[in-house]
Amino acid sequence: GSDKTRELAEMSGYDGKNISSSQDTFDYVIVGAGSAGCVLANRLSADPSVRVLLLEAGPPDTLDTIRVPALWTGLIGSEVDWDYRLEPQPHYAGSDLYPRGKTLGGSSAINAMIYIRGHRTDFDGWSEKGCSGWDYDAVLPYFVKAESNSRLEAPFHGKEGPLHVEDMLFTHELSQSCISSAVEWGLPFNDDFNGPGQIGV
C-alpha cells in the first residue's frame, strides 16, 4: 500500500520535492517510485557513499481515494492514473481500462491494496521473446528477497525484505460468504494467488 512505499521512499532519502538543481549528480537514477523502485532506492541508498535519485512523474500520494481502499474506483482515470487503454484484441470483449499508478507507490497506490506479481506465463513469455533473465524462475528470488510477508513463506514468499505484505486485518462476513459460495459452486480455494497458481477464489 501507499504507506509502505512512502516509508521505503523516505528511507531512501526521497522527500516528495522536485529536484531543481542541474548541479546535482547521482550514482543511480531510478524512474518510477512504485514498490520495486522504492525497494531498489532503499537498497542502493543503504551505502552512504552512493547518491540515488528516485523520480516519480505523478503528484504526491495524499488523495483520500488512495488512503481509503474502498474508494479505489475513484482513482481510475484520475490524476494519479496514467489512464492507459488496451488495444483491441480478438476474442476479448471486456473493458479496455488498464490502470497504472502515477504517484508515490505507483500502481500499488491505486490497486485496492492487493499485492500481486503477475502470472508465471507472463514472465516466461517475455523471456521467450528475447528478454533473457526475465523468466519466472529468474525473477522469483528477487520477489522473495524484496518481501516481508506476515503469513506466507518460502519458496514463494520472503520474511526479511523491506516490502511489507500482510492479510487484511478485518474481513467482513459477507466477503467470507462470497468466497464460501464460490467454492461451493466449484471454484478451487486459493490461499495464495502469488504462489504456485493464480486460478481460484
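Please read all numbers here as calculations on a predicted model, not as lab measurements.
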Does Asp96 have any salt bridge (Lys or Arg N to Asp or Glu O under 4.0 Å) partners at least two apart in sequence or in another chain, and if so, which?
Arg85

Greater than 12 external heavy atoms within 6.0 Å of Gln176's CD
yes

Non-hydrogen atoms of Ala109 and Thr103 that approach each other most closely
CB-CG2, 3.7 Å

Nonpolar side-chain network containing Ile116, other nodes, edges under 4.5 Å
Ile114, Phe193

If you link ILVMFWY side chains whenever their heavy atoms are less than 4.5 Å apart, which other residues fall into the same cluster as Val183? By chain and number, please.
Ile179, Trp185, Leu187, Phe189, Val201

Closest approach of Asp81 and Pro99, non-hydrogen atoms and distance?
OD1-CA, 3.5 Å

Partners meeting salt bridge (Lys or Arg N to Asp or Glu O under 4.0 Å) with Arg43 (sequence neighbours left out)
none

Could you tell me whether the side chain of Ser148 and the main chain of Lys159 form a donor-acceptor pair under 3.5 Å?
yes

Tell me whether the rings of Trp82 and Tyr84 are parallel (<30°), tilted (30 to 60°) or perpendicular (>60°).
parallel

Would you say Leu75 and Thr73 make side-chain contact, with heavy atoms under 4.5 Å?
no

Do Trp72 and Leu63 share a hydrophobic cluster (ILVMFWY, side-chain heavy atoms under 4.5 Å, transitive)?
yes

So which pairs with a foot in residues 68-79 pass salt bridge (charged side-chain N to carboxylate O under 4.0 Å, His left out), sequence neighbours left out?
none

Over all atoms of both residues, closest heavy-atom pair of Leu104 and Cys38:
CD1-SG, 4.1 Å

Note: Pro59 and Val80 closest approach over all heavy atoms is CG-CG1, 3.8 Å

In chain order, what residues pass the salt bridge (Lys or Arg N to Asp or Glu O under 4.0 Å) check against Asp64, with sequence neighbours excluded?
none

Tracing side-chain links under 4.5 Å among I, L, V, M, F, W and Y, which residues wind up in one group with Val68?
Leu71

Quick one: side-chain hydrogen bond (donor to acceptor under 3.5 Å, both in side chains) partners of Thr121, sequence neighbours excluded?
His119

How about CG on Leu174, more than 12 heavy atoms from neighbouring residues, nucleotides or ligands closer than 6.0 Å, or not?
yes

Which heavy atom of Gly195 sits nearest to which heavy atom of Tyr136, and what is that distance?
O-OH, 4.1 Å

What salt bridge (charged side-chain N to carboxylate O under 4.0 Å, His left out) pairs are there with at least one residue in residues 110-122, not counting sequence neighbours?
Arg117-Glu147, Arg120-Asp137

Can a salt bridge be assigned to the pair Arg100 and Asp83 using a cut-off of 4.0 Å between side-chain N and carboxylate O?
no

Under the ring pair (Phe, Tyr, Trp, His ring centres under 6.0 Å) test, which residues partner Tyr115, sequence neighbours left out?
none

Do you know the tightest heavy-atom contact between Pro155 and Leu140?
O-CD2, 3.9 Å

Counting heavy atoms not belonging to Gln89, are there more than 12 under 6.0 Å from its CD?
yes

Partner residues of Trp126 under the ring pair (Phe, Tyr, Trp, His ring centres under 6.0 Å) criterion, sequence neighbours left out
Phe123

Of all residues at least two apart in sequence or in a different chain, which pass the salt bridge (Lys or Arg N to Asp or Glu O under 4.0 Å) check with Arg151?
Asp167, Asp191

